[in-house]
*Asks:* 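This is the structure I have questions about; it appears just below.
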Amino acid sequence: MMTKTTTVPKNVYELAQERLRIVFNEFDNVYLSFSGGKDSGVLLSLCIDYIRRNNLKFSIWIMRYNIR
């Protein structure tokens, strides 16, 4: 009898953590565009949390822009 294996899909947070791992491993500098909105605030928070959790010696440069 063949058994069917199922994989549990990853949630948005897990996928974001994978992407941050790639970004911080591949690049020497990371620049964030920050509008002050919810999305850019969440991304900044995720980056800071990732750096702290992984004890990285990394600086994030933030560019603030206004949309009018």
Side-chain angles (χ1 to χ4, degrees):
M1 181 171 132
M2 294 180 80
T3 59
K4 187 174 184 180
T5 60
T6 58
T7 58
V8 177
K10 295 179 181 176
N11 62 38
V12 174
Y13 179 77
E14 293 167 333
L15 293 170
Q17 294 302 304
E18 286 181 12
R19 183 56 56 114
L20 289 174
R21 181 183 50 78
I22 292 167
V23 167
F24 285 106
N25 284 335
E26 295 293 324
F27 300 101
D28 294 329
N29 299 303
V30 175
Y31 294 86
L32 296 177
S33 293
F34 186 76
S35 67
K38 293 176 187 175
D39 293 342
S40 59
V42 168
L43 180 58
L44 177 59
S45 180
L46 286 172
C47 288
I48 291 169
D49 182 56
Y50 184 86
I51 290 170
R52 288 179 177 163
R53 236 181 322 103
N54 292 286
N55 296 318
L56 301 178
K57 302 293 183 225
F58 216 95
S59 296
I60 297 178
W61 295 87
I62 301 167
M63 297 181 292
R64 173 85 160 103
Y65 64 92
N66 293 323
I67 300 175
R68 294 179 190 224

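Hydrogens, waters and symmetry mates play no part in the numbers below; they use all other heavy atoms, side chains included.
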*Asks:* Tell me whether Phe27 shares a hydrophobic cluster with Leu43, the cluster being built from Ile, Leu, Val, Met, Phe, Trp, Tyr side chains joined at under 4.5 Å.
*Replies:*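 Cluster IDs for Phe27 and Leu43 match.
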*Asks:* Should Ile22 and Leu15 be counted in the same cluster of Ile, Leu, Val, Met, Phe, Trp and Tyr side chains packed under 4.5 Å apart?
*Replies:*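 Per the 4.5 Å side-chain linkage, Ile22 and Leu15 are not co-clustered.
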*Asks:* Could you report the tightest heavy-atom contact between Ser33 and Ser40, atom names first, then the distance?
*Replies:*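 Nearest pair, atom of Ser33 first, then Ser40: O-CB, 3.8 Å.
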*Asks:* According to the interplanar angle, ranging from 0 to 90°, do the rings of Phe24 and Phe58 count as parallel (below 30°), tilted (30 to 60°) or perpendicular (above 60°)?
*Replies:*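 The arrangement is perpendicular - the two ring planes meet at more than 60°.
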*Asks:* For Val30 versus Val23, what's the shortest heavy-atom pair and its separation?
*Replies:*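 Between these two residues, the closest heavy atoms are CG2-CG1, 3.8 Å.
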*Asks:* If Ile, Leu, Val, Met, Phe, Trp and Tyr residues are connected whenever their side-chain heavy atoms lie under 4.5 Å apart, and connections chain through other members, are Ile48 and Val12 in the same group?
*Replies:*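 No.
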*Asks:* Is Arg53 atom CZ crowded by more than 12 heavy atoms from other residues, nucleotides or ligands, each under 6.0 Å away?
*Replies:*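 It does: Arg53 CZ has more than 12 such atoms within range.
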*Asks:* Between Asn54 (side chain only) and Leu56 (backbone N and O only), is there a donor and an acceptor less than 3.5 Å apart?
*Replies:*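 Not confirmed, Asn54 side chain does not pair with Leu56 backbone.
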*Asks:* Atom CZ of Arg21 and atom CD of Glu26: how far apart are they, to the nearest 0.5 Å?
*Replies:*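 Reported value, rounded in 0.5 Å steps: 9.0 Å.
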*Asks:* Is the side chain of Asp49 donor-acceptor paired with the backbone N or O of Ser45 at a distance under 3.5 Å, no angle test?
*Replies:*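 Answer holds: no.
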*Asks:* Just checking Asp39: does its CG atom have more than 12 heavy atoms from other residues, nucleotides or ligands closer to it than 6.0 angstrom?
*Replies:*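 No - once you tally the heavy atoms of other residues, nucleotides and ligands closer than 6.0 Å, there are 12 at most.
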